[in-house]
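For reference, the structure discussed in these notes is given below.
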Amino acid sequence: MTAMVTVDDALTRYEPVIGLEVHVELGTVSKMFCGCPTTFGGEPNTQVCPVCLGLPGSLPVVNRAAIESTIRMGLALNCDIAEWCRFARKNYFYPDMPKDYQISQYDEPLCTDGYLDVTVPLADGGSEVVRVGIERVHMEEDTGKLTHTGGATGRIHGADYSLVDYNRAGIPLVEIVTKPVTGTGGLAPAVARAYVAALRDIMRSLGVSDVRMEEGSLRCDANVSLAPPGQPWGTRTETKNVNSLRSVERAVTFEIRRQAGVLDAGGHIVQETRHFHEDDGTTTPGRSKEEAEDYRYFPEPDLLPVAPDPAWVDELRTTLPELPAARRARLQEQWGISDFDMDSLINAGAVELVEATVAAGADQGAARKWWMGELSRAAKDRGVELAELGVTPADVARIADLVGQGTLNDKLARLVFEGVAAGEGSPDEVVAARGLELVSDDTALLAALDDAIAANEDAVAKIRDGKVQAAGAIIGAVMKATRGQADAARVRELLLERLGE
Amino acid sequence: MTEIVRMSATQLVEEMAQGNLSSVEITEAHLDRIDSVDGEIHAYLHVDRDGALATAAEADAARNTGADLPPLAGVPVALKDVMAMRGVPTTVGSRILDGWLPPYDATVVTQLRSNLMPILGKTNMDEFAMGSSTEYSAYGPTRNPWDTTRIPGGSGGGSAAALAAFEAPLAIGTDTGGSIRQPAAVTGTVGVKPTYGGVSRYGLVALASSLDQAGPCARTVRDAAMLHRAIAGYDPMDSTSIDAPVPDFVAAVREGDVRGMRIGLVTELSGDGYQAGVQQRFTEAVELLAGLGAEIVEVSCPNFTHALGAYYLILPSEASSNLAKFDGMRYGLRVSDGDEGVEQVMARTRAAGFGDEVKRRIMLGTYALSSGYYDAYYGQAQKVRTLVQRDFDAAFADCHVLISPTCPTTAFPLGEKVDDPLAMYLNDIATIPVNLAGNAALSMPVGLAPEDGLPVGLQIMAPHHQDARLYSVAGVLEGALEDRWGRPLIEEVGA
Ligand SMILES: [Zn+2]
């Protein structure tokens with residue numbers, strides 16, 4: 001194997017071109033061509049019928065909801081919506097495909113020629129907007145799921161046996177293909193990641209898919225090629241099935257480094273598909289172009305052409321919800337925060353969380369402070385996304401409220417967050433269970449204060465001499481005695497009252 | 001009284017209505033007839049005695065309650081083995097579906113059931129409906145009841161022979177390039193290819209999706225009209241199904257009239273290559289129609305000469321894809337020594353499970369769809385298809401219906417063309433244009449060829465959605481021919 005170079009080094013000599021093909025399962029109630037449910041996690045082969053099993057004689061019927069979702073997706077990506085298009089058959093033999101062909105779209109996709117403006121975070125904390133061209137958005141059906149048992153590779157070859165679950169077969173997929181993305185230089189991996197994140201957010205906003213990446217409902221193929229600046233594009237590789245945001249970035253990074261190493265050594269890039277390995281972030285060769293299959297596409301004769309009524313498309317266009325980019329601009333304005341602060345929120349994936357926290361009654365400043373501070377730190381420590389911490393916007397709003405009321409101080413609030421994240425219950429339950437409420441009951445405080453005064457005669461003398469800053473020692477002693485639960489402001493008041501008597 | 005099995009469906013309906021016969025008696029008579037003659041004819045691949053008798057008993061019970069029954073309630077029917085039927089072997093004439101018991105009913109089967117029609121069994125066919133003689137059935141050929149050394153046509157030779165041998169009063173066929181009409185022609189029976197989408201394809205094991213069409217087979221025009229009405233109609237399970245009310249085909253037969261009708265003779269579908277006796281009986285039928293008041297005109301459909309070539313690109317292309325699913329993974333035959341990889345199991349299963357003709361067409365279609373050849377073959381064929389449709393449009397702008405001989409010859413001897421695919425393909429030269437265009441056509445007997453005493457078929461073609469016109473013309477012509485013969489032609493079988 002050729003020596004790997006660093007990305008920065010590679011980019012001094014080569015310009016990357018990337019392209020992304022993203023498949024997302026649509027969140028329709030029933031499958032693409034039959035009435036079977038699309039719910040995840042059913043017993044194998046229980047959500048099937050003659051149609052999605054491809055039994056001899058069965059015929060597909062298009063799910064109108066899937067067409068509608070795809071058109072809305074196309075509109076959100078600024079695409080042209082075809083007035084007439086067709087499904088096509090993609091022919092190849094594989095046991096996860098009941099018919100040994102997949103109903104897809106080929107040269108007549110439903111949506112074409114759009115774009116998506118993607119906000120890419122920069123290392124300095126700022127951001128840059130990159131326009132990613134959209135080649136096409138089309139519909140197709142998912143395949144079944146194979147489980148290979150035995151063998152060393154985890155692939156079908158060499159397995160002792162393989163099991164097929166056709167519950168997934170026929171679930172509607174939308175495939176979104178970018179135009180080649182050029183000129184992004186060292187940002188290429190970040191652009192790839194930000195693009196997939198933006199697509200995910202749009203699909204969620206549209207409600208066409210809840211994009212459960214952990215269940216494999218979004219799958220990305222990343223094309224990468226390198227060429228010296230000003231030269232024609234190089235030969236590209238296609239890394240298949242990169243299924244998380246982080247993996248997309250890593251896979252593109254790895255291919256840039258690997259290809260640069262090959263080219264540096266005077267080698268040639270082989271046009272091939274490659275497999276990505278989550279464990280070490282590398283890619284390895286799959287099928288090469290020479291062995292690539294001829295899919296023998298032809299128009300699907302079992303289905304009528306799809307000709308969406310232009311009035312319907314217009315109606316879908318006018319009823320699109322506010323999309324993430326527009327919403328972010330509006331929120332920034334509403335909150336009156338700087339570009340830098342907004343970028344920080346976006347980069348942290350916190351915009352929607354802060355928005356929801358504000359909606360739950362918190363002040364935007366407090367909401368941002370908690371999500372970007374304590375909670376971001378906790379998420380980073382645990383290696384999870386903010387949204388996966390187990391703390392909801394409602395929890396944050398409640399804790400901010402308790403701080404505002406003086407029931408908690410920041411230090412206690414952190415402990416409450418810890419308890420909520422650990423699954424100990426709601427903020428109020430954690431406060432009660434852990435006994436975290438600030439002690440502002442004067443009787444309890446006065447007892448501790450009197451002990452502290454008695455034990456700190458020097459400090460008392462200094463305060464009486466007018467050196468009020470010496471009060472810190474006594475307040476600290478009270479805090480210590482109450483294990484931090486004393487309301488420090490109240491302790492100070494009581495101290496000065498006591499000494500003023 | 002006429003022997004039960006020789007009665008038309010119309011007569012059987014009448015006898016049941018009069019209380020002279022029960023459906024169980026009628027069904028048993030046909031099952032007995034199958035027992036006695038099918039050893040020689042081999043029209044059936046599977047006889048569903050219990051299922052048929054159960055439906056017959058149900059029909060009789062319903063009749064006894066005095067309920068309003070569907071017109072064909074209690075009349076048995078034979079089903080081409082290309083239709084999926086729950087729990088009943090469905091082989092499509094192929095080894096590769098050996099042992100498959102469909103878990104669902106084709107829509108046509110559902111319709112037959114809801115009409116309380118006992119389904120006698122599954123009839124023989126060329127493997128995957130590829131053929132014109134039923135000799136390509138993996139389960140042995142069917143013999144023509146008129147002359148058991150001859151072919152009964154194909155692919156639906158089993159359904160046609162079952163009718164001609166009085167083993168069923170009605171049968172279901174499917175027609176991709178003539179598989180209903182050509183067997184009807186060579187067995188002296190009636191067969192109708194409805195307008196594409198007129199009868200649901202759901203459950204019809206696909207040969208070529210854009211060409212396949214199920215339709216009725218019978219011994220009389222009126223019987224065909226009744227069966228057609230029973231199985232036609234919109235099916236939400238078939239996207240290509242026509243969403244419109246079903247016309248009253250039986251009324252069209254009853255009220256048939258050709259006076260003032262313009263009937264076009266397609267010049268490209270006669271002459272060279274057509275047997276003298278076929279041509280003779282056809283000409284006589286044309287004269288009869290003229291005598292009945294029709295205006296006969298000649299029309300030219302120049303692109304019909306390219307239809308066969310286009311058909312043998314489109315059909316194999318679609319078939320190569322439709323037949324991919326037979327890979328030994330999920331149902332039917334699997335050939336494996338338990339030790340090889342998935343591709344080898346698929347390849348060995350397909351090598352063992354498909355016959356030569358099926359393999360030939362899969363290879364043709366795979367080639368025609370291949371990258372670099374698509375435009376020259378599949379793409380070009382689709383253009384020809386459009387030209388054929390335009391020829392029909394032009395002809396129908398001038399004529400109410402078109403007519404031709406159904407096929408160039410009478411039934412040929414078994415074995416004569418089995419090793420000569422091109423000669424076999426030429427049998428369908430007159431029937432194929434209709435499948436390419438998607439309109440409706442009917443074949444009916446117009447006599448026996450003087451030179452061999454075998455039936456000759458006449459084809460009537462109507463525009464899209466005008467299937468009723470077929471019945472108007474055919475009903476009138478059938479009546480006139482029977483007046484001339486003194487009895488139905490079918491009664492000559494075995495004479
Ligand atoms: Zn299904």
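These numbers were taken from a predicted model, which means no experiment stands behind them. Below, read A as the first sequence line, B as the second, and so on, with proteins coming before strands; counting in each chain starts at 1.
Heavy-atom distances place the side chain of A:Asn91, and not its backbone, under 4.5 Å from chain B. Within the 4.5 angstrom heavy-atom criterion, only backbone atoms of B:Pro236 (N, CA, C, O) approach chain A. For chain A, the nearby parts of B:Tyr202 are the backbone and the side chain; heavy atoms of each come within less than 4.5 Å. Heavy atoms closer than 4.5 Å to chain B are found in the side chain of A:Tyr101, but not in its backbone. The contact between B:Thr366 and chain A is made by backbone and side chain atoms together, counting heavy-atom distances below 4.5 Å. If you measure heavy-atom distances from B:Asn322 to chain A, the contacts under 4.5 Å come from both the backbone and the side chain. With a 4.5 angstrom heavy-atom cutoff, B:Gln382 does not touch chain A via any of its atoms.
The greatest number of non-hydrogen atom pairs below 4.5 Å with chain A, out of B:Gly341, B:Ser210, B:Ser321, is found for B:Ser321. The greatest number of non-hydrogen atom pairs below 4.5 Å with chain B, out of A:Val164, A:Val62, A:Leu55, is found for A:Leu55. Note on A:Phe33, A:Tyr92, A:Tyr161, A:Tyr166: by heavy-atom pairs under 4.5 Å with chain B, the leading option is A:Tyr166. Interface check for chain B: of the options A:Leu53, A:Val61, A:Val51, the most heavy-atom pairs under 4.5 Å are formed by A:Val61. Chain B forms more heavy-atom pairs under 4.5 Å with one residue of A:Ser162, A:Gly54, A:Cys34, A:Gly35 than with any other, namely A:Gly54. By number of non-hydrogen pairs under 4.5 angstrom with chain A, the leading residue of B:Met237, B:Arg201, B:Met329 is B:Arg201.
A donor atom on one side chain and an acceptor atom on the other are not found under 3.5 Å apart for B:Thr195 and B:His464. Residues B:Asp212 and B:Thr174 have side chains that never bring a donor and an acceptor to within less than 3.5 angstrom of each other. No hydrogens or angles considered: a donor-acceptor pair under 3.5 Å links the side chains of B:Glu127 and B:Ser94.
Other residues, nucleotides and ligands contribute only 12 or fewer heavy atoms inside 6.0 Å of the CD atom of A:Glu83. Around atom OH of B:Tyr374, more than 12 heavy atoms belonging to other residues, nucleotides or ligands sit under 6.0 Å away.
Of the candidates B:Arg350, B:Arg330, B:Lys325, A:Asp100 forms a salt bridge (charged side-chain N to carboxylate O under 4.0 Å, His left out) with just one, namely B:Arg330.
Remark: B:Arg86 fails to qualify as a cation-pi partner of B:Trp100 under the 6.0 Å distance and 45° angle criteria applied to the six-membered ring. Note that A:Lys90 lies in the cation-pi zone of A:Tyr295, set by a 6.0 Å cut-off to the ring centre and a 45° limit from the axis.
We find that A:Asp165 and A:Lys145 are not joined by a salt bridge, their nearest charged nitrogen and carboxylate oxygen being 4.0 Å or further apart.
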